[in-house]
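The structure under discussion appears below in the form of structure tokens.
In what follows, every chain begins at residue 1, and chains take the letters A, B, ... in the order their sequences are listed. In this text the structure is predicted, and so the values were computed from the model without any measurement.
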Amino acid sequence: MTDAPLVLLVEDDAAIRGAFTLLLRECGYRVDSAATGGEALSLAAAVRPDVVVLDLGLPDANGVDVARALCAGPRPMPIVALTGRAFDDDRDAALQAGCSLYLVKPVATRDLLGAIETLSKS
Amino acid sequence: MTQLRLHIAGDEGTAARLRELLAREGFRVLEDGAGAAGTGVALVLDDAPAGGTAARIEELDRTILELRNLDVAKSQFLANVSHELRTPLTAIVTYGEILRDGLLGEVSARQREAIESMISSCRQLLGMIEDILTYARTNARAISLQPTEFRLDDVVAAVHDMNASLISRKSLRFAAPLPRDLPRVLADRDKVAHILGNLIGNAIDFTPDLGSVRVEARPSASDPGWVEVQVADSGIGIDEQHHELIFQEFAQVDASRARIHHGTGLGLAIARKFVQLHGGRIWVESELGRGSRFFFTLPTPEVVPDTPLPS
């Protein structure tokens with residue numbers, strides 16, 4: 001089953017990371033996860049994920065900067081940004097930084113799965 | 001008689017504390033009202049009480065600074081706490097949805113119903129936390145608008161979809177007959193979605209089963225170049241004496257209503273703030289027992305820049 005798309009999940013909260021990892025694995029994806037922006041960048045370079053799910057509210061770095069760095073390489077990877085409803089400014093910045101889609105937290109599992117499916121096929 | 005004019009950038013709570021303090025110090029407030037920017041409070045005082053006026057003014061200056069710092073600290077605290085509350089709830093909702101959708105094994109109809117109730121309560125709680133977070137953030141820092149041109153019916157449809165399950169559970173009739181030729185508005189789409197989300201959410205909350213919720217929009221008759229949006233419901237209505245109160249932070253018409261209808265009392269305050277940021281107006285027409293009609297105005301690209309807008 002190495003053909004299953006690989007999702008890199010970047011989320012600082014362990015409980016949410018655990019829930020999303022379980023969800024994605026149960027739905028047939030391979031999942032790597034990172035809790036910080038720094039971890040995300042080194043992991044992304046190492047494993048070349050098919051889709052990145054990126055929480056914009058990270059403890060060590062600005063999520064938008066992380067998105068920009070992920071998109072800067074020769075093979076930019078599709079990113080789903082997760083933003084809070086109260087952080088309106090982040091959304092346009094996320095799209096400008098190269099994120100393909102954004103979902104507003106709290107994200108419904110169906111929306112997340114739909115976004116990942118769309119991007120992993122593109 | 002010397003008069004002292006103070007302008008305080010802060011919220012109503014800060015102003016109330018200042019008024020209390022002034023009264024205690026023996027000052028008399030001659031005039032009281034919102035500041036020019038609509039974000040502060042202007043007080044005009046008559047002559048200072050007996051004793052060193054300069055010293056008292058200095059003391060007041062210090063107090064104002066302290067209150068302002070306290071106000072910012074309060075908003076920051078609210079934002080932090082809301083964020084911390086939201087995170088574990090998000091995990092609960094996600095695990096709930098994983099269970100509900102049978103990803104970890106088949107669930108019976110009764111189990112699914114129980115899980116669905118759990119998820120819906122969590123989402124309600126998340127909505128309230130979101131309100132507090134939004135309120136705290138709009139108070140803690142200046143918010144900027146990112147206006148774009150868009151069709152209102154798209155946003156209304158999106159807000160309807162978000163509330164679809166609640167509308168069908170309460171068997172409400174929902175209609176949004178927006179005219180096809182309604183001018184596009186020039187506004188911050190996320191903020192408008194937020195305003196409509198709060199108004200439509202309230203309409204659903206305060207309307208008993210089998211009632212109706214209706215969204216309409218038309219070019220404003222009194223403000224050329226503006227669109228007037230109306231969210232009407234057949235719900236419990238609001239007594240006229242409360243028409244202003246409900247737009248204030250943390251206001252609930254009465255405690256029993258708050259207990260039945262949950263809200264944080266912030267939804268309309270946020271809606272008003274967002275409408276005013278666009279230079280628009282928001283108001284309500286309602287009578288107890290006769291439903292409510294909330295109105296607000298949004299600019300279209302036709303609004304000429306030299307139209308006097310509240311800044």
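- The distance from atom OG1 of T90(B) to atom CZ of F20(A), rounded to the nearest 0.5 Å, is 7.5 Å.
- A108(A) touches chain B through backbone and side chain together, each having a heavy atom under 4.5 Å away.
- There is no contact between R189(B) and chain A, counting heavy-atom distances below 4.5 Å.
- With contacts defined as side-chain heavy-atom distances shorter than 4.5 Å, the pair I16(A)/T87(B) qualifies.
- Pairing each heavy atom of T109(A) with each of E97(B), the nearest pair is N-OE1, 2.6 Å.
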Item to complete: Evaluate the criterion side-chain contact (heavy atoms from CB on, under 4.5 Å) for residue pair L104(B) and L22(A); output intermediate values, then yes/no.
Response: CA-CA 9 Å; L104(B) 299 180; L22(A) 175 67; 4.0 Å; yes
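- The environment of CD in E113(B) is sparse: at most 12 heavy-atom neighbours from other residues, nucleotides or ligands sit within 6.0 Å.
- Only the side chain of L126(B) comes within less than 4.5 Å of a heavy atom of chain A; its backbone N, CA, C and O stay farther away.
- For the pair A15(A) and A91(B), the tightest heavy-atom approach, listed with the atom from each and the gap, is CB-CB, 3.7 Å.
- Closest heavy-atom contact between R110(A) and D101(B): NH2-OD1, 3.2 Å.
- L113(A) CG to L103(B) CG: the interatomic distance, rounded to the nearest 0.5 Å, is 7.5 Å.
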